[in-house]
Amino acid sequence: MKYRDLYLYGVEKLNNAGIAEAKLDARLLLEEVCHTSQSDMILYPDREVDDIQHDSYVNYIEKREQRIPLQQIIEKQEFMGLTFYVNENVLIPRQDTEILVEEAMKNLHDGMRILDVCTGSGCILISLLHYSNDCKGVGIDISKEALLVAQKNAKKLLPDGKEAVFYQGDLFEALPDTEKFDMIVSNPPYIRSDVIPTLEPEVASHEPVIALDGKEDGLFFYRRIIEQAGKYLCRDGMLFFEIGYDQAEAVSKLMTDKGFIEVNTLKDYAGLDRVVYGTYLPMDSL
C-alpha cells in the first residue's frame with residue numbers, strides 16, 4: 001500500500017472512532033512505524049510501505065480506536081525537551097507540569113537535594129537533575145510498576161555523574177527520619193473521585209487511577225504531604241505542587257497553616273491556576 005493511502009486509512013478509522021485529533025494521530029503513528037517525518041507526506045506520498053510496517057500501523061490504529069492514548073502506544077512522550085518512556089503504569093507527562101519544573105528550576109542551586117513525591121515516570125525529578133549541577137535526587141512512589149518506569153528513564157536520560165534514587169512506599173514512609181531536602185516537588189493525585197468517570201476515555205480508562213484519584217475532595221494527598229513535609233525539609237526549604245484549576249486557595253491555606261511562608265500561585269498556559277509553592281519556616285523559629 002502507498003504511504004498516503006495508508007495514512008488516509010488511519011484517518012478514516014480514527015474519525016469513525018470519534019478521535020478528535022484523528023489526522024494528527026494517524027500521521028504521528030505512521031511516522032513512528034515508518035521512521036519518517038511530516039515532510040514525507042508531501043515529498044513521498046506514493047512510496048510503498050512494506051508488509052511489516054503496514055501490519056504494525058494497522059495494529060497501532062486498532063489500539064488508538066480503543067482510546068488507548070497515543071503516547072502509550074508508541075511508549076514515549078516529550079517533556080522539558082527530553083523523551084520519556086511511558087506505559088500504562090504512569091501518568092503521561094503533560095505540558096502544564098513543565099510550569100512546575102520551570103519554577104522549581106528558578107529556585108534550584110548547585111548541590112541541592114530534591115525529593116519528588118509521587119514520582120510516577122520520574123519526569124519532574126529527572127528534568128530537574130538533567131538541567132542542574134551536582135544536585136541529588138530521590139523519587140518515591142507507592143507503585144512498584146511506576147518506579148520501574150522512572151528507573152528506566154533515569155538510566156536513559158541522566159548524564160554520567162547524575163543519579164536519582166527511587167524508593168517504593170506510601171508517601172514518606174520509605175524515607176529514613178534523618179533525610180533532609182532543600183526542595184520537595186510533587187504532582188500528587190488530585191482529581192475528585194466522582195469526577196474520574198467523566199474524564200476522556202484515554203484518561204479514565206487507560207491511565208492509572210491510583211495516580212489520578214485525590215479522594216472525595218481532591219485534597220487528600222496535599223493534606224498528607226503538607227502535614228509531613230516539614231519533617232524532611234531543611235529550614236527555608238521549598239515545597240512545589242501541581243494543583244487542579246480550582247484548588248489554589250485550599251492548598252495555599254493548608255501550606256500557610258503548617259508553617260510555609262511566601263506561598264504563591266502560578267497559572268498554566270490556559271490561564272488557570274496550576275502550581276502552588278512556598279518556603280518552609282518551622283513554627284519554633286517564629
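Every value quoted in this text rests on a predicted model; they were computed, and no experiment measured them. Computed over heavy atoms, backbone and side chain alike; hydrogens, waters and symmetry mates excluded.
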* **Heavy-atom side-chain contact between Gln77 and Thr83 under 4.5 Å** => no
* To do: Give a yes or no on this: more than 12 heavy atoms of other residues, nucleotides or ligands lie within 6.0 Å of atom NZ of Lys136.
  => no
* **Donor-acceptor contact below 3.5 Å, side chain Glu98 vs main chain Met80** => yes
* Asked: CZ of Arg47 to CE of Met1: how many Å apart, nearest 0.5 Å?
  -> 14.0 Å
* Can you check whether Gln53's main-chain N or O pairs, donor with acceptor, with Asp55's side chain at less than 3.5 Å? -> no
* Asked: Are side-chain heavy atoms of Leu128 and Cys135 found at a separation under 4.5 Å?
  -> no
* Does Lys215 use its side chain to pair, donor to acceptor, with the backbone of Phe220 at less than 3.5 Å? -> no
* To do: Verify the neighbour count for atom CD of Glu21: are there more than 12 heavy atoms of other residues, nucleotides or ligands below 6.0 Å?
  => no
* To do: Using the side chain to side chain contact (heavy atoms under 4.5 Å, CB included) rule, take Ile191 and Leu199 through it: C-alpha gap first, then chi angles, then the decisive distance, then the call.
  => CA-CA 10 Å; Ile191 300 175; Leu199 300 176; 3.8 Å; yes
* Quick one: does Ser205's side chain have a donor or acceptor within less than 3.5 Å of a partner on Glu202's backbone? -> no
* Check for a donor-acceptor pair, side chain of His130 on one end and backbone N or O of Leu82 on the other, with a separation under 3.5 Å. => no
* If you take all heavy atoms of Thr265 and Ser252, which pair is closest and at what distance? -> OG1-OG, 3.9 Å
* Between Lys106 and Glu103, is there a salt bridge with N-O shorter than 4.0 Å? -> yes
* Answer yes or no: is there a donor N or O on one side and an acceptor on the other, between the side chain of Asn153 and the main chain of Ala150, under 3.5 Å? => no
* Structure fact -> Contacts of Phe241 meeting ring pair (Phe, Tyr, Trp, His ring centres under 6.0 Å) (sequence neighbours excluded), chain-then-number -> Tyr222
* Shared hydrophobic cluster for Met41 and Leu70 (ILVMFWY, side-chain gaps under 4.5 Å) -> yes
* Does Ile210 belong to the same Ile/Leu/Val/Met/Phe/Trp/Tyr cluster as Leu148, with side-chain heavy atoms less than 4.5 Å apart forming each link? -> no
* Check whether Val90 and Ile126 end up in the same hydrophobic cluster, where Ile, Leu, Val, Met, Phe, Trp and Tyr are linked by side-chain heavy atoms less than 4.5 Å apart. => no
* Quick one: are Tyr277 and Leu266 in side-chain contact, heavy atoms under 4.5 Å? -> yes
* Distance only, no hydrogens: is a donor on one side chain within 3.5 Å (strictly under) of an acceptor on the other, for Ser56 and Asn59? -> no
* Would Ile99 end up clustered with Ile114 when hydrophobic side chains under 4.5 Å apart are linked, directly or stepwise? -> yes
* Is the backbone N or O of Ser132 less than 3.5 Å from a side-chain atom of Lys162, with the two atoms forming a donor-acceptor pair by type? -> yes
* Verdict with reasoning, Ile92 to Phe79, per side chain to side chain contact (heavy atoms under 4.5 Å, CB included) -> CA-CA 10 Å; Ile92 297 165; Phe79 182 83; over 6 Å; no
* Is it true that Asp96 and Arg94 make a salt bridge, defined as a side-chain N closer than 4.0 Å to a carboxylate O? -> no
* **Enclosure of Glu145 CD (heavy-atom neighbours >12, cutoff 6.0 Å)** => yes
* Is there a donor-acceptor pair closer than 3.5 Å between any side-chain N or O of Gln247 and the backbone N or O of Tyr190? -> yes
* To do: List the steps and the verdict of side chain to side chain contact (heavy atoms under 4.5 Å, CB included) for Leu272 and Lys267.
  => CA-CA 5 Å; Leu272 302 174; Lys267 295 185 181 298; over 6 Å; no
* Structure fact -> Those residues at least two apart in sequence (or on a different chain) that pass side chain to side chain donor-acceptor pair (under 3.5 Å) with Lys155 are none
* Asked: Are side-chain heavy atoms of Tyr9 and Leu14 found at a separation under 4.5 Å?
  -> no
* Any donor-acceptor pair under 3.5 Å from Arg64 side chain to Ile68 backbone -> yes
* Answer yes or no: is there a side-chain heavy-atom contact under 4.5 Å between Ile196 and Asp213? => yes
* Answer whether the closest heavy-atom distance between the side chains of Leu125 and Phe166 falls below 4.5 Å. => yes
* Rounded distance (nearest 0.5 Å) linking atom NZ of Lys23 with atom CD of Glu12 -> 13.0 Å
* Value rounded to 0.5 Å, distance of CD1 in Ile74 from CG in Leu28 -> 7.0 Å
* To do: Check the surroundings of atom CZ in Arg4: do more than 12 heavy atoms from other residues, nucleotides or ligands lie under 6.0 Å from it?
  => no
* To do: Check whether more than 12 heavy atoms from other residues, nucleotides or ligands sit under 6.0 Å from atom CD of Gln168, and answer yes or no.
  => yes
* **Verdict with supporting geometry, Cys34 and Tyr3, side chain to side chain contact (heavy atoms under 4.5 Å, CB included)** => CA-CA 9 Å; Cys34 296; Tyr3 188 82; 4.1 Å; yes
* Structure fact -> CG (Leu91) and CD (Glu207) are apart, to the nearest 0.5 Å, by 5.0 Å
* Structure fact -> With sequence neighbours left out, the residues meeting ring pair (Phe, Tyr, Trp, His ring centres under 6.0 Å) with Phe172 are Tyr232
* Asked: Any side-chain heavy atom of Glu242 sitting closer than 4.5 Å to one from Arg274?
  -> yes
* Asked: Got a sec, which residues hit salt bridge (charged side-chain N to carboxylate O under 4.0 Å, His left out) with Lys253, two or more places apart in sequence or on another chain?
  -> Asp257
* Short N-O contact, Lys76 and Glu32, less than 4.0 angstrom -> yes
* Structure fact -> Hits for side chain to side chain donor-acceptor pair (under 3.5 Å) against Asp182, two or more places apart or cross-chain, chain-then-number order -> none
* Could you list all the side chain to side chain donor-acceptor pair (under 3.5 Å) pairs where at least one residue sits in residues 117-129, not counting sequence neighbours? => Asp116-Thr119
* Asked: Quick one: do Asp46 and Lys2 make a salt bridge, cutoff under 4.0 Å?
  -> no
* Is the shortest distance from a Lys or Arg side-chain nitrogen in Arg192 or Asp217 to a carboxylate oxygen in the other one below 4.0 Å? -> no
* Indicate yes or no: at least one non-hydrogen side-chain atom of Glu173 is less than 4.5 angstrom from one of Tyr167. => no
* Give, for atom CD1 of Ile225 and atom CG of Leu254, the distance between the pair rounded to the nearest 0.5 Å. => 11.0 Å
* Are the side chain of Lys180 and the backbone N or O of Lys231 linked by a donor-acceptor pair below 3.5 Å? -> yes
* Considering only NZ, NE, NH1 and NH2 on the basic side and carboxylate oxygens on the acidic side, decide whether Glu31 and Arg27 come within less than 4.0 Å. => yes
* For residues Ser39 and Tyr44, is any side-chain donor paired with an opposing acceptor at under 3.5 Å? -> no
* Asked: Honestly curious: do Leu100 and Met112 fall in one hydrophobic cluster under the side-chain, below-4.5 Å linking rule?
  -> yes
* Residues Glu62, Lys13: salt bridge by 4.0 Å N-O rule -> no
